[in-house]
Amino acid sequence: MKGALVAGAGLALPGAFPARVFAQASSLTPRDRAVLDVAKREIERAGSALWHKDMAAIADFGVHSALPRFHFANLETGTVRSFLVAHGMGSDPEHDGWLNTFSNVEGSNATSRGAFITYEWYKGKYGTSIRLGGLDPENSNALPRYIVAHAAEYATPEHVAKWGKLGRSNGCFAMSPTDFREALWNISGGRLIYSDKLGLG
């Protein structure tokens, strides 16, 4: 996997790198700028706990589940790509698509807030998944709770089109199978995921 990540990183270094960065940065929305600011702040706060600081994922659970709220911030190019992500059923007992509460308690089936480090890939119930470790007191039980990032059919645009919201996880960061490939290549291997109710839009 490490070799694949290194190879993937090499794709981000074309000869016209400065011009491309300028063109992309000029089209950033205020939300994207805010996402990049949060990513820089939280990467700095996590410090040496992270293995890589080029990319980070910011999960904004202040936004409804029908909207893209899982933002992949590329700090090398100054760009942001946004995806759907599900929250835990324990955080949304009414199943209305809004996260109400966070929890770090085992058995809560809730989403936790705070900074996570992404570890290795493994094969689980939902196929290839990314193991996560909690870096804050609010998510310190991520490993024993089996909080991971994985693909799920209930986290797709088709699910939103049918139900007006995503399904719910057991506290994991669940993405559409197509989008999850982006997570495997961009945010695994010692990078940051930060979860909170930011309400960035």
Side-chain angles (χ1 to χ4, degrees), residues 1 4-5 8 31-32 35-36 38-39 42 52 54-75 79-92 95-99 102 109-134 139 142-143 145-201:
M1 181 185 78
L5 290 172
R31 184 197 67 184
D32 290 346
V35 166
L36 287 166
V38 172
E42 293 303 320
H52 299 284
D54 55 341
M55 294 279 297
I58 307 301
D60 183 1
F61 289 116
V63 174
H64 192 269
S65 71
L67 300 174
R69 56 182 182 171
F70 201 27
H71 310 295
F72 289 10
N74 187 323
L75 300 184
T79 55
V80 176
R81 300 187 67 200
S82 302
F83 305 91
L84 296 170
V85 69
H87 53 244
M89 62 182 67
S91 292
D92 177 13
H95 198 7
D96 60 8
W98 292 99
L99 181 145
F102 292 102
N109 292 327
T111 297
S112 296
R113 70 162 25 113
F116 298 80
I117 181 173
T118 62
Y119 290 131
E120 76 282 4
W121 303 357
Y122 75 100
K123 290 287 187 180
K125 177 181 178 182
Y126 292 97
T128 303
S129 304
I130 304 172
R131 205 178 307 276
L132 305 178
N139 64 3
L143 278 175
R145 290 183 63 205
Y146 300 101
I147 301 302
V148 303
H150 64 75
E153 292 298 333
Y154 60 75
T156 63
E158 292 76 16
H159 197 283
V160 171
K162 183 175 182 179
W163 301 104
K165 60 194 172 187
L166 295 183
R168 299 169 297 171
S169 69
N170 290 331
C172 296
F173 298 88
M175 302 176 68
S176 103
T178 300
D179 293 345
F180 186 64
R181 297 190 189 102
E182 300 276 345
L184 288 176
W185 293 112
N186 289 298
I187 62 166
S188 61
R191 291 175 172 84
L192 175 86
I193 295 178
Y194 181 68
S195 163
D196 204 351
K197 291 180 74 171
L198 300 167
L200 300 177

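Numbering of residues begins at 1 and proceeds along the displayed sequence.
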Is any side-chain heavy atom of [X] closer than 4.5 Å to a side-chain heavy atom of [Y]?
X    : Y    : answer
I130 : L184 : yes
L84  : P157 : yes
V160 : L166 : yes
M175 : E182 : no
F116 : S195 : yes
Y122 : V148 : yes
P177 : E153 : yes

Check the pair S169, Y154 against side-chain contact (heavy atoms from CB on, under 4.5 Å), reporting the backbone distance first and the verdict last. CA-CA 9 Å; S169 69; Y154 60 75; 3.3 Å; yes
Between [X] and [Y], is there a donor-acceptor pair closer than 3.5 Å when you use the side chain of the first and the backbone of the second?
X    : Y    : value
H64  : D96  : yes
S129 : G127 : yes
N139 : A115 : yes
D60  : R69  : no

Below 30° counts as parallel, above 60° as perpendicular, anything between as tilted: where do the rings of W185 and W121 land? perpendicular
[X]: side chain to side chain contact (heavy atoms under 4.5 Å, CB included) partners, not counting sequence neighbours:
X    : answer
R181 : T178
L143 : Y119, R131
S91  : L99, A110, T111

In chain order, what residues pass the ring-ring contact (aromatic ring centres under 6.0 Å, His included) check against [X], with sequence neighbours excluded?
X    : result
H95  : none
F70  : F72, F173
F102 : none

Tell me, with the steps shown, if R113 and D196 meet salt bridge (Lys or Arg N to Asp or Glu O under 4.0 Å). CA-CA 5 Å; R113 70 162 25 113; D196 204 351; 2.9 Å; yes
May I have the step-by-step check of side-chain contact (heavy atoms from CB on, under 4.5 Å) for D54 and N74, ending in yes or no? CA-CA 6 Å; D54 55 341; N74 187 323; 5.5 Å; no
